Amino acid sequence: MKINFDGDLCLISELEEFDPRDIFTCGQAFRWYEEADGSFTFIAHGKVANAKKVGGEIFLRGVDKASFDEIFYNYFDLSRDYKLVMEELARDEVMKNATEYGKGIRILNQDKFETIISFIISANNQIPRIKNAIEKISEMYGDYLGEDENRKYYSFPSAEKLSLARPEDLREFARVGFRDVRIVETANLIKDGIVNIDEIDKMDLEDARCALQVLPGVGPKVADCILLFAFDRKESFPVDVWIKRVMEELYLKEVTPKSKIALRGREVFGKNAGFANQYLFYYGRENKLGK
DNA sequence: CGCCAGGTGCCAA
DNA sequence: TTGGCACATGGC
């Protein structure tokens, strides 16, 4: 991997395992827009940037050396060797196909509070609608970050800000439905330190899952997503309808309850369970496996 | 119209 | 512990 800077343009080359399309459309993040030129504009940790891969080169606009060092190096998980992860996973035919299909995926290290709220909204919902709800919440309660010819950009609000939101407003304008009260109550519990994010960082996986499930709207699946996408717990294995379908069809060969699938996932893939999960989710959903 | 979508909360066996 | 049902919302 080679990295060069030219003002607010960051150019990364010799890194095969990085494709903005795979990274953003694989389901882990919601705050991104695919542009007409095939690039992806995204908002992360209070910054707006744009990623595009041309030939073998990755162009990151809006990323200067300071913000790269402070935010984006970690956000894109650039310290990790994804070639090695894929090699370790591709021991069987299924994972060989799944990693080949999603070879440009990296698991992002996202904002913790934003990820908690995002996945509370994801419950029994659809991805485009989840994106819209999060965008609207940012517009209503976040800070203005700037604009371009396409749209205006806002940061995701802090727990303090969101704790002051009215559930009726979340329902009426952000269309979050029955998740309205869960969102505000969760914001309050975090704001008041009843659920302490810094403490969760220090816990082992099982304790962390339990601690997160204190939050209303956070069950086993949402807790695992939060841990995987924002707490750097790459060994967690969220089980949603898609992973359930894929695991049943490709590995288990029989209908299996979700709780058992989560255990099997971590058993089979070990420390790489989270990566396996994301490759399988992307592969299964894009190819409509089991549907 | 009824069914379903990256589930969770609640209540009964 | 496990199994059922309701829960907003909107597209098909």
Side-chain angles (χ1 to χ4, degrees), chain A residues 22-32 98 102 105 107-108 110 114-137 165-189 195 206 209-231 233-234 236-250 254-266 273-291:
Chain A
D22 293 337
I23 290 171
F24 290 111
T25 68
C26 76
Q28 61 179 321
F30 302 103
R31 303 213 65 201
W32 52 268
I105 289 177
I107 296 190
L108 299 168
Q110 304 186 64
E114 175 180 333
T115 303
I116 290 169
I117 300 300
S118 297
F119 280 92
I120 287 175
I121 294 171
S122 79
N124 196 229
N125 211 338
Q126 294 175 129
I127 292 177
R129 300 187 51 221
I130 301 165
K131 287 185 68 177
N132 288 332
I134 295 166
E135 180 179 47
K136 204 72 195 171
I137 287 173
R166 296 172 46 204
E168 310 85 284
D169 290 339
L170 289 173
R171 189 176 282 227
E172 183 177 352
F173 301 112
R175 315 305 292 167
V176 299
F178 59 84
R179 309 163 192 85
D180 57 353
V181 174
R182 298 176 181 176
I183 292 168
V184 177
E185 285 188 356
T186 289
N188 269 295
L189 289 172
V195 171
E206 282 310 315
R209 296 176 90 214
C210 290
L212 282 169
Q213 287 179 64
V214 169
L215 299 167
V218 179
K221 186 270 177 183
V222 169
D224 282 336
C225 282
I226 294 166
L227 289 167
L228 179 58
F229 299 135
F231 284 80
R233 299 300 175 93
K234 310 300 200 239
S236 76
F237 194 81
V239 180
D240 56 46
V241 291
W242 285 104
I243 289 295
K244 181 165 152 59
R245 281 180 201 137
V246 173
M247 288 293 286
E248 285 170 350
E249 184 170 328
L250 302 180
E254 60 181 346
V255 178
T256 311
K258 284 185 180 181
S259 54
K260 288 218 168 123
I261 296 178
L263 291 175
R264 277 303 302 278
R266 276 176 269 164
F275 301 106
N277 188 286
Q278 201 52 217
Y279 291 120
L280 288 173
F281 177 81
Y282 189 46
Y283 181 65
R285 187 168 65 100
E286 298 290 313
N287 294 294
K288 301 197 184 312
L289 249 61
K291 285 212 78 176

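Worth saying up front: this structure is predicted, and the values here are computed from it rather than measured. Computed from heavy atoms alone, side chains included, the values below leave out hydrogens, waters and symmetry copies. Sequence lines set the chain letters: A, B, ... in the order given, protein chains first and strands last, and positions in each chain run from 1.
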Quick check: does any side chain N or O of [X] sit under 3.5 Å from a backbone N or O of [Y], one acting as donor and the other as acceptor?
X: A:R179; Y: A:I121; value: yes
X: A:W32; Y: A:F24; value: yes
X: A:N188; Y: A:V184; value: yes
X: A:Q278; Y: A:G102; value: no
X: A:T115; Y: A:I226; value: no
X: A:N277; Y: A:P238; value: yes
X: A:K221; Y: A:A123; value: no

By the 4.0 Å heavy-atom rule, please label [X] as base, sugar-phosphate, or nothing.
X: A:P238; value: nothing
X: A:P216; value: sugar-phosphate
X: A:L215; value: sugar-phosphate
X: A:Q28; value: base
X: A:V239; value: nothing

I need the [atom1]-[atom2] distance between [X] and [N], as an integer number of Å.
X: A:I226; N: B:dT8; atom1: CD1; atom2: C1'; answer: 12 Å
X: A:F178; N: B:dC10; atom1: CZ; atom2: C1'; answer: 14 Å
X: A:R209; N: B:dT8; atom1: CZ; atom2: P; answer: 10 Å
X: A:Q213; N: B:dT8; atom1: CD; atom2: C1'; answer: 10 Å
X: A:I130; N: B:dT8; atom1: CD1; atom2: P; answer: 12 Å
X: A:D180; N: B:dT8; atom1: CG; atom2: P; answer: 17 Å
X: A:K258; N: C:dT2; atom1: NZ; atom2: P; answer: 15 Å
X: A:F30; N: B:dA5; atom1: CZ; atom2: P; answer: 16 Å

Taking salt bridge (charged side-chain N to carboxylate O under 4.0 Å, His left out) as the test, write out the residues that go with A:E248, two or more places apart. A:K244
Which whole number of Å gives the distance between the P atom of C:dG10 and that of B:dT8? 22 Å
Using Watson-Crick and G-U wobble pairs whose two distances are both under 3.5 Å, how do you write the pairing of DNA chain C as dot-bracket, with | for links to another strand? |||||||.||||
Assess the residue pair A:E206 and A:R209 against the criterion (salt bridge (Lys or Arg N to Asp or Glu O under 4.0 Å)); give the C-alpha distance rounded to whole Å, side-chain angles, the decisive distance to 0.1 Å, and a yes or no. CA-CA 5 Å; A:E206 282 310 315; A:R209 296 176 90 214; 3.6 Å; yes
Polar pairs (N or O, both sides) under 3.5 Å between protein and nucleotides 9-12 of chain C?
residue: C:dT9; atom: O2; partner: A:R129; partner atom: NH1; Å: 2.5
residue: C:dT9; atom: O2; partner: A:R129; partner atom: NH2; Å: 3.4
residue: C:dG10; atom: OP1; partner: A:R175; partner atom: NE; Å: 3.0
residue: C:dG10; atom: OP1; partner: A:R175; partner atom: NH2; Å: 3.3
residue: C:dG10; atom: OP2; partner: A:R175; partner atom: NH2; Å: 3.4

